[in-house]
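Data first, discussion second: the structure below is written as structure tokens.
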Amino acid sequence: MWQVVLYISPVTVTLFIAAMAGLSGAGAWWYQRENGGRALRAARVLLVAWTTLVLLATLVPTQPLGSGGHDISWIPGEGMWEASGSNGGLFPEEQDMVLRLQIANAAMFVPLASLLSFAIRCRSVLVVTGVCLLISVLIEMVQFIMATGRTVDVDDVLFNSLGAALGALSVTLSLRLAKRPGPAAARHAARNLTGPGSPAAPASDEY
């Protein structure tokens with residue numbers, strides 16, 4: 001995970017957002033064209049693969065099982081924004097690394113939520129985000145039980161959930177755009193549905 005954190009910058013974050021938007025759009029177009037089918041199967045296979053990567057990144061021990069403490073951080077942002085000094089706050093460089101780590105935590109759950117939306121045919125942002133929130137909580141619980149030097153941090157859950165919400169929202173918006181016919185298709189459909197002399201029916205924007 002820390003190797004990935006070192007590459008996080010405004011440029012890489014922008015490229016990641018653009019890539020996720022493009023992949024969500026392409027996935028929505030393929031899903032609508034196939035009416036599920038191969039697109040649905042591909043989403044489920046990719047979901048299993050990405051979930052495996054997430055579990056490897058978050059649960060692979062960094063030291064022997066049981067050798068670490070059971071550190072828990074329940075307060076959002078605890079220590080992240082405190083200045084260094086006698087109160088045990090972080091130095092600016094450490095704050096920068098922690099912020100990058102949380103960005104990585106959010107980014108990790110964007111594809112997870114996107115693939116989950118396609119795989120379970122769910123377009124509810126709240127439902128998909130809730131499932132990802134549960135996954136994040138379970139990961140933190142396993143980290144606590146393993147006691148391998150990882151800190152159980154509420155910020156991890158919050159940023160995971162933020163990434164999940166963004167991923168689910170991107171799929172919902174992409175599916176709406178993919179389903180909406182273009183102007184030419186709407187006019188063609190209106191001509192087919194109306195007889196000679198009948199007023200043209202307006203194109204519906206209903207989702």
Side-chain angles (χ1 to χ4, degrees), residues 1-8 13 16-17 19-20 23-24 27 31 39-81 90 94 97-172 174-175:
M1 175 67 79
W2 284 106
Q3 290 82 351
V4 176
V5 170
L6 295 175
Y7 291 98
I8 293 179
V13 170
F16 177 80
I17 293 174
M20 287 297 99
L23 290 174
S24 293
Y31 188 88
L40 180 62
R41 291 192 294 272
R44 290 173 176 172
V45 171
L46 290 174
L47 175 62
V48 172
W50 188 260
T51 302
T52 302
L53 289 177
V54 170
L55 294 178
L56 289 174
T58 56
L59 297 179
V60 170
T62 56
Q63 58 189 59
L65 295 177
S67 62
H70 292 87
D71 299 324
I72 303 178
S73 177
W74 292 108
I75 303 175
E78 182 179 11
M80 185 183 297
W81 309 117
L90 301 178
E94 294 173 318
M97 290 301 295
V98 171
L99 180 58
R100 291 188 183 196
L101 176 62
Q102 296 303 350
I103 292 175
N105 279 327
M108 183 170 54
F109 270 63
V110 173
L112 181 66
S114 299
L115 293 169
L116 182 64
S117 298
F118 286 119
I120 65 176
R121 296 174 176 265
C122 180
R123 302 183 185 182
S124 171
V125 176
L126 290 178
V127 171
V128 174
T129 303
V131 173
C132 291
L133 171 63
L134 179 60
I135 294 173
S136 179
V137 171
L138 290 175
I139 289 174
E140 297 298 314
M141 291 176 61
V142 173
Q143 289 179 348
F144 178 80
I145 295 172
M146 293 173 63
T148 57
R150 296 178 183 268
T151 299
V152 177
D153 195 343
V154 67
D155 287 336
D156 293 350
V157 177
L158 293 177
F159 277 88
N160 287 160
S161 301
L162 174 61
L166 293 176
L169 182 62
S170 69
V171 171
T172 299
S174 297
L175 286 171

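The analysis underlying the following values was restricted to heavy atoms, covering all of them including side chains, and did not include hydrogens, waters or symmetry mates. All residue numbers in this chain count up from 1 along the given sequence.
- Counting only residues at least two apart or in different chains, ring pair (Phe, Tyr, Trp, His ring centres under 6.0 Å) contacts with residues 49-74 comprise His70-Phe144.
- At a cut-off of 3.5 Å, with distance as the only test, a side-chain donor of Ser24 or Ser170 sits close to an acceptor on the other residue.
- Listed here is the closest heavy atom pair of Thr58 and Met108: CG2-CE, 3.9 Å.
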Would you sort out whether Val60 and Leu55 count as a side chain to side chain contact (heavy atoms under 4.5 Å, CB included), showing the intermediate values? CA-CA 8 Å; Val60 170; Leu55 294 178; over 6 Å; no
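- Leu59 and Gln143 get closest at one heavy-atom pair: CD2-CG, 3.8 Å.
- Rounded to the nearest 0.5 Å, atoms CG (Leu134) and CE (Met141) are 9.5 Å apart.
- In plain terms, the two heavy atoms of Leu116 and Val128 that are nearest each other are CD2-CG1, 4.0 Å.
- Rounding to the nearest 0.5 Å places CG of Leu65 at 11.5 Å from CD1 of Ile145.
- Shown here is Ile75, whose CD1 atom has no more than 12 heavy atoms of other residues, nucleotides or ligands within 6.0 Å.
- Separation of atoms CG (Leu133) and CG (Leu126) is listed at 11.5 Å; rounding is to 0.5 Å.
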Going through the checks in order, is the side chain to side chain contact (heavy atoms under 4.5 Å, CB included) test met by Phe109 and Leu162? CA-CA 8 Å; Phe109 270 63; Leu162 174 61; over 6 Å; no
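- Asn160 contributes a side-chain N or O that, together with a main-chain N or O of Asn105, makes up a donor-acceptor pair within less than 3.5 Å.
- Contact between Phe16 and Pro111 at its shortest, heavy atoms only, is CZ-CD, 4.3 Å.
- Atom CG in Leu23 sits 8.5 Å away from atom OG in Ser114 (nearest 0.5 Å).
- At least one donor-acceptor pair under 3.5 Å links the side chain of Thr172 to the backbone N or O of Arg123.
- One finds the CG atom of Leu56 at 11.0 Å from the OG1 atom of Thr51 (value rounded to the nearest 0.5 Å).
- To the nearest 0.5 Å, atoms OG (Ser136) and CG (Asp156) are separated by 7.0 Å.
- Scanning all heavy atoms of the two residues, the minimum distance from Phe118 to Ala43 falls at CB-CB, 3.6 Å.
- Side-chain atoms of Glu140 come within 3.5 Å of backbone atoms of Asp153 as a donor-acceptor pair (strictly under, hydrogens ignored).
- Pairing each heavy atom of Pro61 with each of Thr148, the nearest pair is CB-CG2, 3.8 Å.
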